[in-house]
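Reading through the structure tokens given below for one structure.
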2 protein chains.
Amino acid sequence: MSNKNIGIKDVAVAAGVSVTTVSHVLNEVSYARISRETRDKVRTAAEALGYGPNRLAQALRTQRTGMLGLVSEEIATTPHAGRIILGADEAAKARGYNLMIINTPGSASLESRQADVQALLERRVDGILYATMYHRNVELPDNLGNVPSVLVDSVAIGGNITAVVPDEDGGARAAVGALLDAGHTRVGFINNTDDVPATRQRLQAFRAMLTEAGLDGEAAPVESEVSEVQGGYEAAKRILSRGDRAEIPTALFCYNDRMAMGAYRAAAELGLSIPADLSVVGFDDQELIAANLYPGLTTVALPHYEMGAWATEHLIDAIEGKEDLSLMALHPTILGCPLVRRDSVAAPR
Amino acid sequence: MSNKNIGIKDVAVAAGVSVTTVSHVLNEVSYARISRETRDKVRTAAEALGYGPNRLAQALRTQRTGMLGLVSEEIATTPHAGRIILGADEAAKARGYNLMIINTPGSASLESRQADVQALLERRVDGILYATMYHRNVELPDNLGNVPSVLVDSVAIGGNITAVVPDEDGGARAAVGALLDAGHTRVGFINNTDDVPATRQRLQAFRAMLTEAGLDGEAAPVESEVSEVQGGYEAAKRILSRGDRAEIPTALFCYNDRMAMGAYRAAAELGLSIPADLSVVGFDDQELIAANLYPGLTTVALPHYEMGAWATEHLIDAIEGKEDLSLMALHPTILGCPLVRRDSVAAPR
DNA sequence: GTGAAAGCGCTAACAT
DNA sequence: ATGTTAGCGCTTTCAC
């Protein structure tokens, strides 16, 4: 029975006051001078009638909807989307905003994505979050510029929009560091073949870490495959069977948890036990995989929740005039990728 | 530059006509009689100014927002949510609606969920989808009744609201049937310990199928554990090590894919090869697991996408007066759970 | 064939 | 300390 058709006017009548007064007390307008008793009368009447404000009317009048648009690429295919959405939803809710979500296939044309943004614009969202499901460079619909916006998990081709991305370099360093700290000196990298920032940055960090540890980073074995379980299996098989025994890596850094899952299988087939004979670290911290493999996979977590929340916080700050997004647009903000220790790393034999 | 501040009025001025006319042509109002040239003038002007309707104002006037609220339990923790959302989003988009999504922790109190619904109501959504992340009985906030609503993946305690749920019985039968068809006569069931409909219905279907096949359904081995990988491992270990060799099952039906994953490990430890020594079928079709295990897991797919889409379709039908939801409220609608064949089932040795 | 004007539910400037 | 009133941008009835 909460919001049938009762409006502010009905409350006014019931309380025997004007709509202004009702509006003032219900919105706790600071400069309003209203007696304690009137306030109570109004509140009681509103309560009794089950009054709830019509946010549409409010929005039309104030030019503020309190809605944030979230255009999300590939909501379904990756569990990452959920964490971004959750981070955004909780941050939004905490500040009195709600989320309008539009899914857009990763393959969607620029025009179709522009239409999605347009739909959000017509609903007068106060700002837009544009989230991609893996860290990459995107071409953005130009109507995104009509309203404060922030990019989540990508940077724009042509730059100039505030963005938040994971710290690929730091994450990769943490992963390789864990292996090095355990005493490994022969570590291999199973990389992705896609040309995305993560591929390049993780490789670079891998080599750099080894070199900084006094090892030959440039010579360290790297095998690339599609970033799926099967690819990880094949790459691991290759990397673990080459050259003579003394040169085979005792530790593997894998581009992601799925590839690590493939590496587990390769190890099993080769009679290598994890972590006794082979240490493995992944990337992504996909719960379903990392926590459920046996032994549990040590990996690096992608800050999806945090990126969603960060983006929302700053978007709202910008909307409320507390911050100037253009000041942050020069460089993407980088959020840490913490190491999640489980049981796949041990000292080499 | 799409929707700055240009309204219908600006278009009217630019085209040299009244706002009525603009509204008529832009909305293609059927009874409007407007000359071809006027129409063109209006369209050109609108285009030139980059006019986009203000949906808030439209909604205020027409009492229709074209927005659907989706309250989703546990958006992040399960990948299932994504598929429901996707199904809903695509169905909604196809009919010109958009989704407002609110996440609510599964543990949230009734009041807090009521507040979530309230937020949606204040924004005057035309209808509400209430989605839970696994099939169960929920206590619904009573303000849900203020607007057409449909329940996704649960049935309401106390009934009387249209709901759509998976066909647990049919899915379980398909799973067990696959095992039976392969020739197995000793099949075990690894069940969940939670008291949810799926637990009971799958068990019942399991026994029924065996009995109908002329086997002793009541005597078939069943082990229950928490429905995670570890639980599946333990239950499988027990079920595969009991009694004498000739009584050990040659096939396992697992409550879900995670438990099946545990069963894989148990089999490996016992030196049982899948599917040669042991056939396994799961439930859920969690891509990340089922498709990535080795060998690929034969399982039963939960129709999350379909439930999201079905619910949305019917919700919109109800909103548009094409259907009466109360007619469907008596019994939940049941959507099929198709068997997904991969490589974990073979004839017994 | 086209336009004037009322009103959706609310806020806020301006009375009083 | 409280009330009147003009819009926010649109649709729609009714008039011309």
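In what follows, chains carry the letters A, B, and so on, assigned in the order in which the sequence lines appear, proteins first and then strands, with residues in each chain numbered from 1. Values reported hereafter were calculated over all heavy atoms of this structure, with side chains retained and with hydrogens, waters and symmetry mates removed.
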Here's a test of your reading of the structure: between B:A57 and B:Y31, which maps to the more 5' nucleotide of DNA chain D?
B:A57

Minimum-distance nucleotide (side-chain atoms of B:T21 versus C:dC8, D:dT11, C:dG3)
C:dG3

Does D:dT11 have OP1 or OP2 under 4.0 Å away from a side-chain N or O of B:R61?
no

Ignoring hydrogens and angles, state whether a donor on the side chain of B:S18 or B:T21 is under 3.5 Å from an acceptor on the partner side chain.
yes

For B:S23, answer base if it contacts any base atom (sugar-phosphate contacts may also be present), sugar-phosphate if it contacts only those atoms, and nothing otherwise; contact means non-hydrogen atoms under 4.0 Å.
base

Measure CD/A:E28 against C1'/C:dC10 and give the value in whole Å, please.
17 Å

Expressed in angstrom and rounded to an integer, what is the separation of B:R55 atom CZ from D:dC8 atom C1'?
18 Å

C:dT2 phosphate, OP1 or OP2, under 4.0 Å from B:S18 side-chain N/O
no

Can a side chain N or O of B:N54 be found less than 4.0 Å away from OP1 or OP2 on D:dC8?
no

Counting just side-chain N and O atoms, does B:T38 come under 4.0 Å of either OP1 or OP2 of C:dT2?
yes

Mind checking if A:V17 touches a base, just sugar-phosphate, or nothing, with heavy atoms under 4.0 Å?
sugar-phosphate

Under 4.0 Å: is that the gap between some side-chain N or O of B:T20 and OP1 or OP2 of C:dG3?
no

A:Q63 side chain near C:dT11 phosphate (N/O to OP1/OP2, under 4.0 Å)
no

Separation of atom CG in A:L49 from atom P in C:dG9, rounded to whole Å
14 Å

Are any side-chain N or O atoms of A:T65 and backbone N or O atoms of A:R124, one a donor and one an acceptor, separated by less than 3.5 Å?
yes

Looking at the side chain of B:Q58, which of C:dA5, D:dC10, D:dT2 is the nearest nucleotide?
D:dC10

Separation of D:dT4 atom C1' from A:H24 atom NE2, nearest Å, is 12 Å

Without decimals, in angstroms, what is the distance between A:D40 CG and D:dA1 P?
15 Å

Under a 4.0 Å N-O cut-off, is there an ion pair linking B:R95 with B:D317?
yes

Quick one: A:I34 CD1 to D:dG3 P, roughly how many Å, whole number?
9 Å

Could you check how far CZ of A:R64 sits from P of D:dG9, rounded to whole Å?
15 Å

Would you say a side-chain N or O of A:S35 is under 4.0 Å from OP1 or OP2 of D:dT2?
yes

Return the value, rounded to whole Å, for the distance between atom NZ of A:K41 and atom C1' of D:dT2.
10 Å

Would you please say whether a donor-acceptor pair under 3.5 Å links the side chains of B:N103 and A:E90?
no

Looking only at non-hydrogen atoms, find the nearest pair between B:P141 and B:V117 and report the distance.
CG-CG2, 3.8 Å

